[in-house]
Asks: 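Take this structure, written in structure tokens, and hold onto it; I'll ask about it next.
All chains are named by letter (A, B, ...) in the order of the sequence lines, taking the proteins before the strands, and each is independently numbered beginning at 1.
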2 protein chains.
Amino acid sequence: MIQSAATLFRERGVEGTAFADVLEHSAAPRGSVYHHFPGGKQQLAEEATRWAGEAMGAGIAAALREEDPLAALDDFVGLWRAVLEESDFRAGCPIVAAALAGERSPGARAAAAAAFAEWRATLAGAFAEAGLAAAQAGPLATLFIAAIEGGIVLARAQRGIEPLTEVVDELRAVARSALA
Amino acid sequence: MIQSAATLFRERGVEGTAFADVLEHSAAPRGSVYHHFPGGKQQLAEEATRWAGEAMGAGIAAALREEDPLAALDDFVGLWRAVLEESDFRAGCPIVAAALAGERSPGARAAAAAAFAEWRATLAGAFAEAGLAAAQAGPLATLFIAAIEGGIVLARAQRGIEPLTEVVDELRAVARSALA
DNA sequence: GTCTATACGAAGATAGAC
DNA sequence: GTCTATCTTCGTATAGAC
């Protein structure tokens, strides 16, 4: 159910996703929602964001453990490319959706901030391991996350993969020159 | 009224903004809404997005006409910093909000794509004028837009300006080395 | 615990008077 | 053209039976 919520947040955003949609999508029992989520939609949004953030963070960490940052970047963007194209550019990042959720879901926003911070730390660690000074690894990690997320937004807007491709090509060049 | 809609989209997104909110914010006459916007909320969202996109595009073009890309970047981000801090990090980019609007506002999404494309062309032109090869100016412009928009999302999530500052510092370095 | 039914409010859209 | 009143739909949340 948390998983379903995260999936729907990708396409419709937090505000645009109704409780009934989540129930339908997850085929969960209708009557027990407020048993498991006494905090209502706020709580569901928060837990879904946290779950998605940690899942993606684990994926990032695993990739960076097995390969260098540049190879991981390619893999990661390949996944995004698949998500975008398979959804006809309707699906985006659930963490971005949560970050932009309004006052009605403050918990989701906080969970999004935590996810971004975790990703940044992981990526910065990998950059440092690859030889970058600590003071440079952090900001570079922020650039990577911001640019990729922004590239996904642009790709969704124009319903084409090119913006993300261009962003990643540029990031690759930046990382190469930074790590050189 | 279009202006009010764009303002509200910044904070609440397209789905999160109610018609009544726009009326209240703009102090516009209640009864004549469907006179001016027979297409309802879809039409309002589309026109507000187009208006905001053109206004921001004009600002970008004006800045790039008077100064070099690096100086314009600083000015532009200074404006964003003010918007973010004055709104306590609740306000973001209305074009991003429109890009993430669901199926219920396809016109807004299209207008967002047009805005991004226009900005990209303007910025790429400035990079070319500054001496960059045409084949490199376009992708670099995409990186700039994606990274800044992503930085704004990150800043809103963590309610702090640092992500945007870091992104811009990195972009400045990238542009310097590209234009060198 | 899970179900159905429903209360309550919000939001988009329309009707008809002025 | 602009107003008030209202219709309908939808969405969150709750109540009470099983």
Asks: Would you mind listing every ring pair (Phe, Tyr, Trp, His ring centres under 6.0 Å) that reaches into residues 103-126 of chain B, with sequence neighbours excluded?
Replies: B:Phe116-B:Trp119
Asks: Quick one: side chains of residues 53-73 of chain B, donor-acceptor pairs under 3.5 Å with protein atoms, not counting sequence neighbours, listed by atom name and distance.
Replies:
unit_1, atom_1, unit_2, atom_2, d
B:Asp68, OD2, B:Leu70, N, 3.2

Asks: In whole Å, what is the span from the CG atom of A:Leu23 to the P atom of D:dT12?
Replies: 9 Å
Asks: Under the side chain to side chain donor-acceptor pair (under 3.5 Å) rule, collect the residues that match up with B:Glu11, sequence neighbours excluded.
Replies: none
Asks: May I ask you to say what B:Phe19 touches in the nucleic acid, namely base, sugar-phosphate or nothing, with a heavy-atom cut-off under 4.0 Å?
Replies: sugar-phosphate
Asks: What one-letter contact string describes nucleotides 1-7 of chain C from 5' to 3', where B marks a base within less than 4.0 Å of any protein heavy atom, S marks contact via sugar-phosphate atoms alone, and - marks no contact?
Replies: BBBB---
Asks: With a cut-off of 3.5 Å and sequence neighbours excluded, list every side-chain donor-acceptor pair involving residues 83-102 of chain A.
Replies:
unit_1, atom_1, unit_2, atom_2, d
A:Ser87, OG, A:Val83, O, 3.0
A:Ser87, OG, A:Leu84, O, 3.1
A:Ser87, OG, A:Phe89, N, 3.4
A:Ser87, OG, A:Arg90, N, 3.2
A:Ser87, OG, A:Ala91, N, 3.0

Asks: Checking A:Glu118 now: which residues fulfil side chain to side chain donor-acceptor pair (under 3.5 Å) with it, not counting sequence neighbours?
Replies: none
Asks: So which nucleotide from D:dT14, C:dA11, C:dT14 ends up closest to the side chain of B:Tyr34?
Replies: C:dT14
Asks: Using side chain to side chain donor-acceptor pair (under 3.5 Å) as the criterion, list what pairs up with B:Gln42, not counting sequence neighbours.
Replies: none
Asks: Specify the separation, in whole Å, of atom CG of B:Asp21 and atom C1' of C:dG12.
Replies: 12 Å
Asks: What pairs meet the side chain to side chain donor-acceptor pair (under 3.5 Å) rule with one or both residues in residues 91-104 of chain A, with sequence neighbours excluded?
Replies: A:Glu15-A:Arg104
Asks: Answer yes or no: is there a side-chain heavy-atom contact under 4.5 Å between B:Val168 and B:Leu164?
Replies: yes
Asks: Within residues 96-105 of chain B, find the residues that approach DNA chain C with a heavy atom at under 4.0 Å, and present them sorted by residue number.
Replies: none
Asks: Got a sec? Which of residues 39-50 of chain B come in under 4.0 Å of DNA chain C, heavy atoms?
Replies: B:Gly40, B:Lys41
Asks: Should side-chain heavy atoms under 4.5 Å link Ile, Leu, Val, Met, Phe, Trp and Tyr, which residues sit in the same cluster as B:Phe9?
Replies: B:Val14
Asks: Return a table of donor-acceptor pairs under 3.5 angstrom between the side chains of residues 136-150 of chain A and protein atoms on other chains or two or more places apart.
Replies:
unit_1, atom_1, unit_2, atom_2, d
A:Thr142, OG1, A:Arg120, NE, 2.7
A:Thr142, OG1, A:Gly138, O, 3.3
A:Thr142, OG1, B:Glu166, OE1, 2.5

